[in-house]
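Keep in mind that the numbers below use all heavy atoms, side chains included, and drop hydrogens, waters and symmetry copies.
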Amino acid sequence: MAAVDPSQGVRVSLADEKVKSDLAPESEVWRRLLLGTDPSVVRLRRRHRRIPSPPRCKMCAAPFGPPGGWVLRYFGHARWAKNPKYCEGCFRTLQANHGGAEVDCSLLFADVRGSTSLAERMSPAEFRALMGRFYDAAFAALIDFNAIVDKFVGDEVIGIFIPAYTGREHARQALDAAHRLLEVTGHGPADGPWISIGIGVNSGVAFVGSVGQGPDTELTAMGDAVNVTARLASAAGPGEVLVTIEAAQAGGLALPGLEQRDLELKGKSGRTSVVVLRAPFT
């Protein structure tokens, strides 16, 4: 089977190996990329994560910061000028293989609580510094647990956990990332967090792939599972992680003894059962 390198596309050289042209339909190319049927996908991202330093390509985790970024830019991993969230190789992949596939995955949405009142009490520069600190902390936490950082939207961060990077443990990785996010934002200690967040975690089938055209091309996830996760993050109280029963079971949580709620989420015809977690949790 031909190796698939997410940073260079389907027809590239990976670790000095000649990769042959793949004639599979586009969705199957994406399915192999997202499921990680070739171990080279996982090896590449793991290798990049060991090389300092952030910020990193949101798809292959290649470092843009020194010293690693100085070296990898000569191997096709410089920031793409028109979309600096990706390296040049990954952006070429998104454009050349436009599309995606439906895969089982886990999702994490984290919202800053009270951002409007925070912005009102702070100068624009102070608010920008606070949100920048949150974005940096969230990015590091998500990358540490093998997520693709989908995007930062206002006061929200979104992470996608796909089998290619997490193996079958994508739900456990999403839960661990949620725990880390609460820790790094200061939830748990008596003196309280330096920024208050609520988190939603869900597992299910989503369409994951590239959307948009030209420099606006993005790797993202869409579908009901994504919408549910967004609603959970909105419904979570400060310092809470709302986890669907499906994600909790897939992540190995022992449900007896944990707080549970039945929520009526906006736009959903039925109620959604969730587990409520707070820092610290196991």
Asker: Same cluster or not: are Val241 and Phe145 linked, directly or through other Ile, Leu, Val, Met, Phe, Trp or Tyr residues, by side-chain heavy atoms under 4.5 angstrom apart?
Answerer: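 The answer is yes; both residues are in one hydrophobic cluster.
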Asker: Considering residues, nucleotides and ligands other than Glu120, do more than 12 of their heavy atoms fall under 6.0 Å from its CD?
Answerer: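 Atom CD in Glu120 is not packed in, count stays at 12 or less.
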Asker: With distance as the sole test, does Ser123 use its side chain to make a donor-acceptor pair with the main-chain N or O of Glu126 at under 3.5 Å?
Answerer: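 Side chain of Ser123 to backbone of Glu126, a donor-acceptor pair under 3.5 Å: yes, one is there.
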Asker: Listed by chain and number, what are the ring pair (Phe, Tyr, Trp, His ring centres under 6.0 Å) partners of Tyr135, not counting sequence neighbours?
Answerer: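 Counting only residues at least two positions away or on another chain, Tyr135 forms a ring pair (Phe, Tyr, Trp, His ring centres under 6.0 Å) with Phe152.
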Asker: Side chain to side chain contact (heavy atoms under 4.5 Å, CB included), that's the test. Do Leu181 and His187 meet it? Break it down for me.
Answerer: CA-CA 9 Å; Leu181 267 172; His187 291 81; over 6 Å; no
Asker: Run the numbers on Ile197 and Asp111 for side chain to side chain contact (heavy atoms under 4.5 Å, CB included), then give the verdict.
Answerer: CA-CA 5 Å; Ile197 63 172; Asp111 280 339; over 6 Å; no
Asker: Check whether Met222 and Leu232 end up in the same hydrophobic cluster, where Ile, Leu, Val, Met, Phe, Trp and Tyr are linked by side-chain heavy atoms less than 4.5 Å apart.
Answerer: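 Looking at the clustering, Leu232 is in a separate group from Met222.
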Asker: Do any N or O atoms from the side chain of Arg271 and from the backbone of Asp262 form a donor-acceptor pair under 3.5 angstrom?
Answerer: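 Here the side-chain-to-backbone pair exists.
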Asker: Quick one: does His48's side chain have a donor or acceptor within less than 3.5 Å of a partner on Cys60's backbone?
Answerer: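 Checking the backbone N and O of Cys60 against the side chain of His48, a donor-acceptor pair under 3.5 Å is found.
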Asker: Can you list the steps and then say if Asn146 with Arg49 is a side chain to side chain donor-acceptor pair (under 3.5 Å)?
Answerer: CA-CA 9 Å; Asn146 301 302; Arg49 286 178 56 216; 2.8 Å; yes
Asker: Do the side chain of Arg45 and the main chain of Ala164 share a donor and acceptor less than 3.5 angstrom apart?
Answerer: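 Absent.
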Asker: Within the distance-only criterion (no hydrogens, no angle test), does the side chain of Ser106 pair as donor or acceptor with the backbone N or O of Ala174 below 3.5 angstrom?
Answerer: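 Pair absent, no side-chain N/O of Ser106 close to backbone of Ala174.
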Asker: Would you say the side-chain atoms of Ser210 pair up with the backbone N or O of Gly99, donor to acceptor, closer than 3.5 Å?
Answerer: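 Side chain of Ser210 to backbone of Gly99, a donor-acceptor pair under 3.5 Å: yes, one is there.
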Asker: Is there a path of hydrophobic side-chain contacts, each under 4.5 Å between heavy atoms of I, L, V, M, F, W or Y residues, that connects Val274 with Leu265?
Answerer: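 Same cluster: Val274 reaches Leu265 through Ile, Leu, Val, Met, Phe, Trp or Tyr contacts under 4.5 Å.
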Asker: So, Arg172 and Asp176, do they make that salt bridge, N to O below 4.0 Å?
Answerer: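 Yes.
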Asker: Quick one: does Leu253's side chain get under 4.5 Å of Leu277's, heavy atoms only?
Answerer: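 Of all side-chain heavy-atom pairs linking Leu277 with Leu253, at least one is under 4.5 Å.
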Asker: Could you go step by step and tell me if Ile245 and Gln260 meet the side chain to side chain contact (heavy atoms under 4.5 Å, CB included) rule?
Answerer: CA-CA 9 Å; Ile245 297 298; Gln260 298 187 34; 3.8 Å; yes
Asker: Keeping to residues at least two apart or across chains, list the side-chain hydrogen bond (donor to acceptor under 3.5 Å, both in side chains) pairs with something in residues 231-243.
Answerer: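 Non-adjacent pairs meeting side-chain hydrogen bond (donor to acceptor under 3.5 Å, both in side chains): Glu240-Arg261, Glu240-Arg278.
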Asker: Would you check if the side chain of Gln249 reaches a backbone N or O of Glu246 as a donor-acceptor pair within less than 3.5 Å?
Answerer: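 No, the answer is negative, given that no donor and acceptor are paired below the 3.5 Å cut-off.
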Asker: Are the charged groups of Asp224 and Lys268 less than 4.0 angstrom apart, N to O?
Answerer: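 Salt bridge flag = yes for Lys268 with Asp224.
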Asker: My understanding is that only one of Val157, Thr229, Val201 makes a side-chain contact (heavy atoms from CB on, under 4.5 Å) with Phe109; could you say which?
Answerer: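 Single pass found, and it is Thr229.
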Asker: Is it true that a side-chain atom of Asp155 and a backbone atom of Ser115 form a donor plus acceptor pair closer than 3.5 Å?
Answerer: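 Checking the backbone N and O of Ser115 against the side chain of Asp155, no donor-acceptor pair under 3.5 Å is found.
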Asker: With a 6.0 Å cut-off (strictly less than), is the heavy-atom count around CD of Glu264, excluding the residue itself, greater than 12?
Answerer: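 No, not enclosed.
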Asker: Give the minimum heavy-atom separation between Ala177 and Phe161, together with the two atoms involved.
Answerer: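 Nearest pair, atom of Ala177 first, then Phe161: CB-CZ, 3.7 Å.
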Asker: Please determine whether residues Leu263 and Val275 belong to a single hydrophobic cluster, defined as Ile, Leu, Val, Met, Phe, Trp and Tyr linked transitively by side-chain heavy-atom distances below 4.5 Å.
Answerer: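 No, because Leu263 and Val275 fall into different hydrophobic clusters, even though each may have its own neighbours under 4.5 Å.
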Asker: Are Leu182 and Val112 grouped together when hydrophobic residues (ILVMFWY) are joined by side-chain heavy atoms under 4.5 angstrom apart?
Answerer: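 In one cluster: yes.
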Asker: With side chain to side chain contact (heavy atoms under 4.5 Å, CB included) as the criterion, how do Leu242 and Thr272 come out once you've worked through the C-alpha distance, each side chain's angles and the decisive distance to 0.1 Å?
Answerer: CA-CA 11 Å; Leu242 300 186; Thr272 302; over 6 Å; no
Asker: Under 3.5 Å, side chain of Arg73 to main-chain N/O of Ala78, donor-acceptor pair present?
Answerer: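 It does not hold such a pair.
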